[in-house]
Amino acid sequence: MPMFVDTSPPGHCIFCKIVAGEIPAAKVYEDELTIAFMDIGQVNPGHVLVASKRHAVTVLELTPEEAAAVMQSAQRIAQAAQQAFAPDGITLFQANGAAGGQTVFHFHMHVLPRHEGDGVELAWPRKEPAVQLLQGYADKLRAALSTLV
């Protein structure tokens with residue numbers, strides 16, 4: 001993960017400044033709800049960030065329309081990256097909160113072209129809980145889903 005952490009106040013973060021045109025960025029794509037630009041911490045050629053234009057810190061703060069727009073823009077960028085750079089694969093990565101690995105607290109998704117041996121590792125320890133425990137987790141999530149509008 002990058003070492004950069006943006007500590008700007010909401011609405012004045014580095015991505016808000018890019019959206020407002022206050023600081024330069026290598027823009028790739030823009031529509032009504034999203035903006036896509038090159039990550040200055042390039043991992044591989046074609047590494048792009050797709051962000052919501054409106055300041056929202058995490059996926060939990062996006063409207064359904066913004067969430068859909070970000071994914072549609074990310075898919076479009078992934079298609080362009082595949083054509084332009086012919087990577088072995090593409091990773092879409094999105095982090096929420098410091099504990100989740102978020103370093104710029106403005107919602108964004110990484111579109112990361114991948115190549116064998118590129119040094120990027122996305123791994124976690126498998127815990128393999130019992131089926132009954134998994135069913136309990138599913139029950140909790142279904143109960144929470146039933147309360148959402």
Side-chain angles (χ1 to χ4, degrees), residues 1-8 10-131 133-134 137-138 140-142 144-145 148:
M1 290 298 289
M3 297 310 293
F4 173 81
V5 176
D6 185 4
T7 58
S8 305
H12 300 285
C13 72
I14 191 169
F15 290 175
C16 286
K17 290 176 181 176
I18 289 171
V19 169
E22 296 173 6
I23 59 174
K27 290 183 191 175
V28 176
Y29 177 77
E30 187 171 5
D31 61 29
E32 183 180 330
L33 298 175
T34 69
I35 186 168
F37 50 93
M38 303 306 295
D39 189 327
I40 60 171
Q42 282 289 288
V43 173
N44 290 321
H47 182 179
V48 173
L49 302 180
V50 179
S52 58
K53 282 189 167 178
R54 182 181 67 83
H55 184 84
V57 177
T58 71
V59 68
L60 301 173
E61 296 177 11
L62 293 178
T63 66
E65 295 78 19
E66 289 168 329
V70 168
M71 184 53 78
Q72 289 168 351
S73 294
Q75 181 188 38
R76 186 174 174 100
I77 297 302
Q79 290 167 334
Q82 186 66 45
Q83 183 175 333
F85 298 103
D88 299 326
I90 296 174
T91 296
L92 298 182
F93 180 78
Q94 196 282 311
N96 295 279
Q102 188 174 12
T103 59
V104 176
F105 297 94
H106 181 123
F107 180 86
H108 63 287
M109 177 177 285
H110 293 257
V111 178
L112 178 55
R114 298 294 307 281
H115 300 280
E116 292 293 328
D118 65 8
V120 175
E121 295 183 23
L122 301 173
W124 51 82
R126 288 179 57 110
K127 301 200 175 151
E128 300 187 26
V131 173
L133 189 56
L134 290 176
Y137 296 161
K140 282 185 168 189
L141 287 168
R142 280 193 301 276
L145 283 167
L148 300 177

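- From Phe93, atom CZ reaches atom CE of Met109 across 10.5 Å, with rounding to the nearest 0.5 Å.
- Taking every heavy atom of both residues into account, Ala74 and Val50 meet most closely at CA-CG2, 4.0 Å.
- Of all non-hydrogen atoms in Asn96 and Val59, the two that sit nearest each other are OD1-N, 2.8 Å.
- The side-chain contact (heavy atoms from CB on, under 4.5 Å) test applied to Arg126 returns Glu128, not counting sequence neighbours.
- With contacts defined as side-chain heavy-atom distances shorter than 4.5 Å, the pair Phe37/Val48 does not qualify.
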### Task
In sequence, state the C-alpha distance, the side-chain angles, and the governing distance for His106 and His108, and then conclude on ring pair (Phe, Tyr, Trp, His ring centres under 6.0 Å).
CA-CA 6 Å; His106 181 123; His108 63 287; 7.8 Å; no
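- Counted within 6.0 Å of CD1 on Ile40, heavy atoms from surrounding residues, nucleotides or ligands total 12 or fewer; the atom is thus considered open.
- Applying the salt bridge (Lys or Arg N to Asp or Glu O under 4.0 Å) rule to pairs touching residues 65-75 yields Arg54-Glu66, sequence neighbours excluded.
- A search for side chain to side chain donor-acceptor pair (under 3.5 Å) contacts involving Asp31 returns Tyr29, Thr34, Ser73, not counting sequence neighbours.
- Partners of Glu121 under the salt bridge (charged side-chain N to carboxylate O under 4.0 Å, His left out) rule, at least two apart in sequence or in another chain, do not exist in this structure.
- Not counting sequence neighbours, the partners of Glu61 by the side-chain contact (heavy atoms from CB on, under 4.5 Å) test are Ala56, Val57, Thr58.
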### Task
With side chain to side chain contact (heavy atoms under 4.5 Å, CB included) as the test, would you mind laying out the steps for Lys27 and Ile35 before giving the verdict?
CA-CA 8 Å; Lys27 290 183 191 175; Ile35 186 168; 3.7 Å; yes
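- With sequence neighbours left out, Gln42 forms a side-chain contact (heavy atoms from CB on, under 4.5 Å) with Met38, Asp39, His47.
- Counting only residues at least two apart or in different chains, salt bridge (Lys or Arg N to Asp or Glu O under 4.0 Å) contacts with residues 103-113 are absent.
- Residues that satisfy the ring-ring contact (aromatic ring centres under 6.0 Å, His included) test with Phe107, not counting sequence neighbours, are absent from this structure.
- The shortest non-hydrogen separation linking Ala95 to Gly100 is CB-O, 3.3 Å.
- Asp118 approaches Pro113 most closely through the heavy-atom pair OD2-O, 4.3 Å.
- Legend: residues meeting side chain to side chain donor-acceptor pair (under 3.5 Å) with Ser52, ordered by chain and number and at least two apart, are absent.
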Tabulate below the donor-acceptor pairs under 3.5 Å that side-chain atoms of residues 81-91 make, not counting sequence neighbours, or state none.
from, atom 1, to, atom 2, distance (Å)
Gln82, NE2, Pro87, O, 3.4
Asp88, OD2, Glu116, N, 2.8
Thr91, OG1, Arg114, NH1, 3.0

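- Looking at residues two or more places apart in sequence or on another chain, you find a salt bridge (charged side-chain N to carboxylate O under 4.0 Å, His left out) between Lys53 and Glu30.
- What you find for Leu62 and Ala67 is that their closest heavy atoms are CD1-CA, 3.9 Å.
- Taking all atoms of both residues into account, the shortest heavy-atom contact from Gly97 to Phe105 is C-CE2, 4.1 Å.
- Residue pairs meeting the salt bridge (Lys or Arg N to Asp or Glu O under 4.0 Å) criterion with at least one partner in residues 68-82, sequence neighbours excluded, are absent.
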